[in-house]
Amino acid sequence: MPTVTDDNHESAIHPDYGRPIGRWMNRNWAQLLLMGGVYLFFAVFLIWPIAQVVAGGFMRSQPDAAGSRFTLSYFQLIFQDPVLVRGLINAALIAILTTLATLALAVPLAVLSVRYEFHGRALLAGLLLVPLVLPPFVGAIGIRLVLGRFGPLTQLAGWFGYEPAMGIDWLGNWRFLGIIVVEALHLYPIMLLNLQASLANIDPAMEQAAANLGASRWTIFRRITLPLMRPGLFAGCTLVLIWSFTELGTPLMFDYQDVTPVQVFARITEVSVNPLPFALVVVMLVASAGLYLVGKVLLGRNFDAATTKASVQAVARRLPGWRGLLAASPFVAVFLLAVLPHISVVLTALSDPAAWYDSILPRSYTLEHFRSALVDELALPSIRNSIFYASAATVMAVVVGLGCAVLIVRSRLPGRGLIDSLAMLPLAVPGLVLAFGYLSISVMFRSRLPESTEAGAWLSWLNVQANPVVLLIVAYGARRLPYVVRSAVAGLQQVPRDLELAGANLGARWWRVMRKITLPLIAANLLAGALLAFAFAMLEVSDSLILAQAAAYYPITKAIWEIANRLGDGLYIASALGVWAMVLLTLTILSASALIGRKMGAIFRI
Amino acid sequence: MTAVRLEHITKTFGQALALSDINLQIGAGELFFLLGPSGCGKSTLLRIIAGLHEPTAGRVWFNDTDVTSLGTEKRNAVMCFQSYALWPHLTVRQNVAFGLKLREMDKKAQDQKLHEALQLVQMLDYAERKPNQLSGGQQQRVALARAMAVSPQCLLLDEPLSNLDAKLRSEMRSEIRRICKTAGFTTVYVTHDQKEALSIADRIAVLKDGQLCQVGSPAELYHQPASAFVADFVGQTNLLTGQIIQRDAQTVRVQTPVGCLTACSRAADLPEHVTVSIRPEQIQLARPGDENKENQLAGRVVESTFLGEASEHLLQINQQTLRIICTPPQFDPPKELRVNIARESVVLLTR
């Protein structure tokens, strides 16, 4: 009988009696097959598109010859064009300032919510996560009105005695700042979740030991707490930095042209003849990867907790009475600030056309837009499309994500570590890059295999212009994969191995153990990850704007974008559509939060 | 030199009572032990002295200063944590230097102290390692060095040697005593290991279920335990039920399951029913010619264990088992053994 040791589970599961060799082979075949499938998925839907983008940036096709040639000329073009260079600088500035702003918001909130106990803490901490799924893209519509020349903010300024005759051109003067504010108010939950998780993981004895040696609170925070929060800081900063660096929706809604993602988007129609957008995307990819690596070097060095012994229990300090209220007030303030754009979207949707002008609140209200939003020729199909795309993408992400998680946590096959990294790759690769990759695959097929040929007709699902459904679903799913993988991994790690071994020991095969024991035990984690993936997919911007090019296939975001650009009551109907979407999403995220509770942070870790 | 005084210390965690009405005086420069089984509240008491817990009721005095609500960072009562609490992002050197840097001291003196502390715990060679590159015992030594390096007013040790091997433990034990005595800081040492306490303590307080059982020197606790619990916890003992059948000025006759025994009469107000404690090593094998000595018992050997420097035997006398320890060890003892117990070794305890 083989000894049962931690690093030898195979032998533990298959004792020498029974049919050890046959079963061992069965199980390993299943795992090998699974691993092959997962790698195939990554190769086709992740590596290939990225490679395609990179190649597009470096290759110049020869008009006379069939082949293409390596070139750096596009990059030369980019760095010689002052407009494009300014776009890159602005994108970097937005990213850095947004990250700093989220840090400033999230650090105090994280400390308050982890270290102190006060009335309504759980509810407030949950509410603070809501803005994450309310897309800044929709919020930006509201902001545009609030910041209008004669909008509510100008009115408010009037109260303080500042009343220029021409109104105040907030958007003209403060556009850049506006983008940062909106993005920071959208992205701070990611930072918050990561900081909370890493703070909660710090052994209280670490800080007690420093205090006990005579260190002041500030010294403890600076020399002990902050360094120990490094993993959370790293995860939060890289996610926010990359997200805001490549954010397309917000600057687009602010009509801000001088930033790379928007410049790429503006050139999208010429993508089949002009590879410059590819080159721009490559620059963004390199910059993102660079940021990730710098972050990893500066903050990411992981240290395992030094002690294995159980230590002191962390006890949140109770803040009674007015001190509790004082602690709760920043939560309320940040939440209100974060949903302000969305409140203004609601108000816009409720406002009579032109009734929100020269006043702080709309002068008259109507429910007409909500009805119009549902009967609009773009709106209802787009809602239906989005629900379909998001559901299909979620199913795909759950299936692939679960496969990845099982291999990462439970298998001993070589190459499982690489799966972990690959599954997290979509976090480091901007959505814009992936969307562009899919687009370029589509373009390539179209030019090589016209619809007239038989193969071309068969591959028409790859043609974004004709039918983007498959690529949209894949794009949505692949981008949300990290969240599903993280939550599934977290769940699997919490299921003691012995529970599965007990099943196997009674004679159940691997698949049966998986279905009857493992899956039910991690159902809550999976569901939470799936809901989150669904929520993000519903209001996804980059892929939607770039890949959905035919009106019949528009998802909600693209429909909002198109309707908002319409003259007349477009903005109002777009807002109403946005409100419908937000209602749907708020319900989703609240149920996700209720399901997984404070463990939500685990999903956002890299 | 700081004397520590605890007055009516009570601590509750929610509904659970961790400590109830503890009164203790720890002299300046004393090496004082808190001894008790796990869960008795000794670590909680140490944390109250350190200022990491505030007592629910009662006061803590350092000399003539009431420090009950003084923050831990202002007390200079430095603790060596049971979980070590080494900072994983700092090297061994940085961990130990942390407290030194907070004290106003020139660089040379700092380096000197750092070097001494690391040398003391034999960790000089590992100064540049991170804690997770060390074994449990090495980590524990770093934690000890970190606390001792700053020469605190009061050094608080929470099971500081629990993870060391036997040889290193006894070495470190005497080192701790030597340093505390030369540097003169008051030391409170928490342990559940009675050998550790008996070997180096000036005085020991025995705790049980959050209550103080007895305070005294190692010899007092060992030879004159105040209760059956103390007798049993501090060293091994045989506990027998007894009934006093006769007493005069010097002696008490007590009836036990192993027979009638004579004891010295110490406490005047012993009740009729008592517990009798007899240390196994104070039970002597009878030699020829001892036939008429008092407290002589005969029994059957049911089990023998070789302990190295001694041997242990279980003696069956009238359904009662008596543990005896023989130095030098007895190999192949006869099936029947006769033993003597000096009347000073028969300790009578209130039940």
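Every chain is numbered from 1, with letters handed out A, B, ... down the list of sequences.
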Worksheet item: Can you check whether B:Arg146 reaches A:Leu213 side chain to side chain, under 4.5 Å on heavy atoms?
Response: yes
Worksheet item: Can you name the residues of residues 216-224 of chain A that have some heavy atom under 4.5 Å away from a heavy atom in chain B?
Response: A:Thr219, A:Arg223, A:Ile224
Worksheet item: Can you tell me how far the CE atom of A:Met229 sits from the NE2 atom of B:His89, to the nearest 0.5 Å?
Response: 12.5 Å
Worksheet item: Can you name the closest pair of heavy atoms from A:Ala205 and B:Ala85 and give their distance?
Response: O-CB, 3.5 Å
Worksheet item: Checking B:Leu156 against chain A: side chain, backbone, both or neither under 4.5 Å from a heavy atom?
Response: neither
Fill in: B:Val150 portion near chain A, given a 4.5 angstrom heavy-atom threshold
side chain
Worksheet item: Out of curiosity, B:Trp87 CH2 to A:Asp203 CG, how far, rounded to the nearest 0.5 Å?
Response: 12.0 Å
Discussion item. Could you check whether atom OH of B:Tyr126 has more than 12 heavy atoms from other residues, nucleotides or ligands sitting under 6.0 Å from it?
Written reply: no
Worksheet item: For B:Asp64, does the CG atom sit with more than 12 other heavy atoms under 6.0 Å from it, leaving out its own atoms?
Response: no
Practice prompt. Answer with side chain, backbone, both or neither: which region of B:Ala143 has an atom nearer than 4.5 Å to a non-hydrogen atom of chain A?
Written response: neither
Response to the item:
In short, B:Leu102 meets A:Gly214 closest at the heavy-atom pair CD1-C, 3.9 Å
Worksheet item: For the atom pair CG (B:Leu90) and CE (A:Met206), what is the distance rounded to the nearest 0.5 Å?
Response: 10.0 Å
